[in-house]
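These notes are about the structure you will find just below.
Each chain gets a letter, A, B and so on, in the order its sequence line appears, and its residues count up from 1. All values derive from a computational prediction rather than experimental measurement.
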Amino acid sequence: MQPNRQRRRLGKENLERIIDLCRSLEERGLDPFLVNVDKVLEVIHEYFPEWKSPEELCLDAEAVHQIASALKLQSEWIKHRSSALYTDPLLFVDKLRRLSKEEICTIFLKSWHPVVELEQISPSSLEEAMKYWKSLVPLNERWQRLEGLHGETGTATPEELLRQQIIAEKEFSKELEKFWHELKRKAVGKEKIEYWDFVGADTYEETVRRAYKTSFLATYGYATLEVDRLEEIVYIIPFDVRISMPEAKHVISLPISITIENWKNWKDSGKD
Amino acid sequence: MKKRAFYVTQLKRATHMLFFKHHRKPGVKGWELRKRLGSDYLKILALLNRYLEKLDLQVKSVSAEEVSAENPTKAQLDKDRFYVTLRGTLSPKEVKMMGWRIDDIAGLAIVIATIVARQGKASRDEVEELLRIKLPGWRVGYNVDRYIRAGYIDQDEKGQLYIDWRTRAEIDEKTLVNLIVAT
């Protein structure tokens with residue numbers, strides 16, 4: 001009786017191993033021909049007469065099901081290899097390494113036929129726009145508040161900042177990482193930190209530089225911004241690891257004005 | 001004369017349906033076109049396609065199934081999605097004017113070509129490693145998320161990347177892979 005029980009245990013272990021191997025083919029994208037189907041079927045066949053309980057028979061059925069999935073993968077693998085889309089992965093990576101960004105871009109454009117789509121405004125968006133327009137302070141009043149500031153506004157690309165030597169290309173990744181660690185250090189035990197307390201520096205130029213880098217942290221998922229509408233305070237919350245945001249339905253831009261006046265106000269408030 | 005007026009009306013209707021976004025995604029399903037234009041809708045689309053040719057545009061159908069059938073049935077056509085796409089190609093200058101950076105385009109090409117060459121799925125880690133060769137590290141994760149949001153690729157809970165609807169609608173995958181290998 002004892003050897004029979006041992007044999008059943010061994011058989012169960014074998015079936016579980018077969019199921020795991022077949023599952024890993026799909027989950028880890030392994031070569032499906034790692035499974036020798038004939039040999040595996042022989043093992044299943046060998047132990048089949050031993051199975052008595054419904055659990056054992058279910059395990060046997062699961063093993064057969066997984067082998068069928070492995071066979072499907074093998075069939076797809078052969079079809080793909082014989083199709084025009086097959087490329088040796090190593091050769092492919094090597095090709096990509098050799099091509100410059102511009103060359104890859106030119107190749108892509110030869111195979112790209114973008115969809116034509118026209119967006120329309122919905123009634124609810126129109127309503128929102130009306131509300132915003134009605135609550136907007138007249139332009140002459142806003143200009144009075146900004147008197148004395150005649151700087152031109154606009155957007156800057158990383159390339160422009162590189163040209164103006166505000167940032168250095170090779171160092172930018174390192175610089176950003178260092179900056180992220182600084183933010184995390186400053187927010188230890190607080191969870192979030194006031195935006196101006198982090199961005200503000202002794203000079204206005206340094207403050208602008210820090211604000212620019214902070215915008216990168218927020219855009220690329222290293223931190224997020226939170227606005228207290230009541231107090232009109234912006235907080236910055238660092239993430240421990242970079243957050244991926246593919247499903248974010250409403251990624252919004254938050255404009256923050258870094259004027260000399262704002263900087264002076266922050267300095268005068270005597271913080272940091 | 002009556003027949004001509006009918007086709008003119010149907011052509012206008014098809015144009016409105018295909019050009020303006022009605023859902024989150026652009027394009028119209030076959031059954032929607034059949035409902036609005038009648039069972040002869042393929043004939044009307046063919047007519048529209050002839051008009052669009054002069055404008056370097058085309059009506060394109062994308063099968064709901066991974067491999068499109070050569071002679072699709074009515075049920076299959078109902079599930080297909082129809083789009084208006086560019087017939088020809090864009091120049092790098094035009095792409096820049098559309099707000100795409102060279103980095104973003106090259107990144108997208110690498111991601112799509114890698115997935116296609118890996119039998120339609122590739123792990124995100126593997127793709128990001130490849131992207132790091134061409135893009136600065138801090139842009140890699142952000143760009144992959146952006147391609148997912150735009151509908152070019154999709155990601156499952158195991159971190160595997162797949163081709164999504166926009167790639168099937170816009171990109172000639174075979175040409176892309178062949179051109180990379182042939183260069």
Side-chain angles (χ1 to χ4, degrees), chain A residues 27-29 73 76-77 79-81 83-89 91-93 95-120 157-159 169-170 172-173 176-177 180 216-217 219-222 242-249 251, chain B residues 19-21 26-27 57-58 60 83-92 95 98 101-103 105-106 108-110 112-114 116-123 130 133-134 136-139 141-142 144-145 148-149 155 158 160 166 169-181 183:
Chain A
E27 285 168 8
R28 292 162 55 197
L73 286 174
E76 281 170 4
W77 189 88
K79 268 189 216 160
H80 181 74
R81 286 229 157 180
S83 78
L85 287 174
Y86 175 70
T87 319
D88 182 276
L91 171 81
F92 187 73
V93 173
K95 285 273 179 188
L96 284 176
R97 273 179 204 273
R98 283 163 196 251
L99 290 169
S100 70
K101 273 190 280 192
E102 288 73 16
E103 283 170 323
I104 295 173
C105 192
T106 311
I107 288 171
F108 182 76
L109 292 183
K110 285 181 187 162
S111 60
W112 191 34
H113 310 276
V115 166
V116 178
E117 48 188 302
L118 297 174
E119 303 236 358
Q120 311 132 89
T157 61
E159 289 79 12
E169 187 170 27
K170 279 183 186 167
F172 192 63
S173 297
L176 209 61
E177 193 137 316
W180 180 34
F216 269 88
L217 292 184
T219 307
Y220 292 96
Y222 296 96
R242 186 191 164 267
I243 301 290
S244 173
M245 298 175 281
E247 299 305 325
K249 282 180 186 160
V251 179
Chain B
F19 275 89
F20 291 100
K21 244 170 109 175
L57 298 173
Q58 64 182 347
K60 187 177 177 183
Y83 305 89
V84 173
T85 69
L86 191 74
R87 189 180 286 263
T89 53
L90 295 163
S91 68
V95 173
M98 283 162 63
R101 291 157 51 98
I102 282 185
D103 275 11
I105 295 275
L108 182 59
I110 291 170
I112 291 171
T114 307
V116 173
R118 297 270 197 284
Q119 267 184 274
K121 70 173 177 184
S123 82
L130 207 54
I133 304 170
K134 302 287 173 196
W138 50 272
R139 280 194 73 93
Y142 174 79
V144 173
D145 288 346
I148 293 173
R149 276 202 298 272
Q155 183 181 329
K158 288 173 195 155
Q160 295 281 333
R166 197 180 279 277
E170 297 186 349
I171 295 156
D172 184 347
E173 297 164 31
K174 211 160 127 182
T175 306
L176 176 66
V177 173
N178 287 345
L179 283 172
I180 289 177
V181 176
T183 309

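Note on Arg98(A), Glu102(A), Lys101(A): by heavy-atom pairs under 4.5 Å with chain B, the leading option is Lys101(A). Interface check for chain B: of the options Cys105(A), Ser100(A), Pro114(A), the most heavy-atom pairs under 4.5 Å are formed by Pro114(A). Comparing Ile110(B), Ile112(B), Val95(B), Ile105(B) by heavy-atom pairs within less than 4.5 Å of chain A, the highest count is held by Ile105(B). Most heavy-atom pairs under 4.5 Å with chain B, from the set Lys110(A), Arg97(A), Glu177(A): that is Arg97(A). In terms of non-hydrogen atom pairs under 4.5 Å with chain A, the most contact-rich of Leu57(B), Thr89(B), Leu108(B), Leu130(B) is Thr89(B).
Both the backbone and the side chain of Leu179(B) come within contact range of chain A, each with at least one heavy atom under 4.5 Å from a heavy atom of that chain. Only the side chain of Lys158(B) comes within contact range of chain A, with at least one heavy atom under 4.5 Å from a heavy atom of that chain. Contacts of Glu76(A) with chain B are made by both backbone and side-chain atoms, with heavy-atom separations under 4.5 Å. Heavy atoms of Leu109(A) lying under 4.5 Å from chain B belong to its backbone as well as its side chain. Interface residue Tyr83(B): only side-chain heavy atoms are found under 4.5 Å from chain A. If you measure heavy-atom distances from Val84(B) to chain A, the contacts under 4.5 Å come from both the backbone and the side chain. Only the backbone of Ser91(B) comes within contact range of chain A, with at least one heavy atom under 4.5 Å from a heavy atom of that chain.
In this structure, the side chain of Gln58(B) does not engage the main chain of Arg87(B) through any donor-acceptor pair within 3.5 Å. Without hydrogens or angle criteria, Trp138(B) side chain to Tyr220(A) main chain gives no donor-acceptor distance under 3.5 Å.
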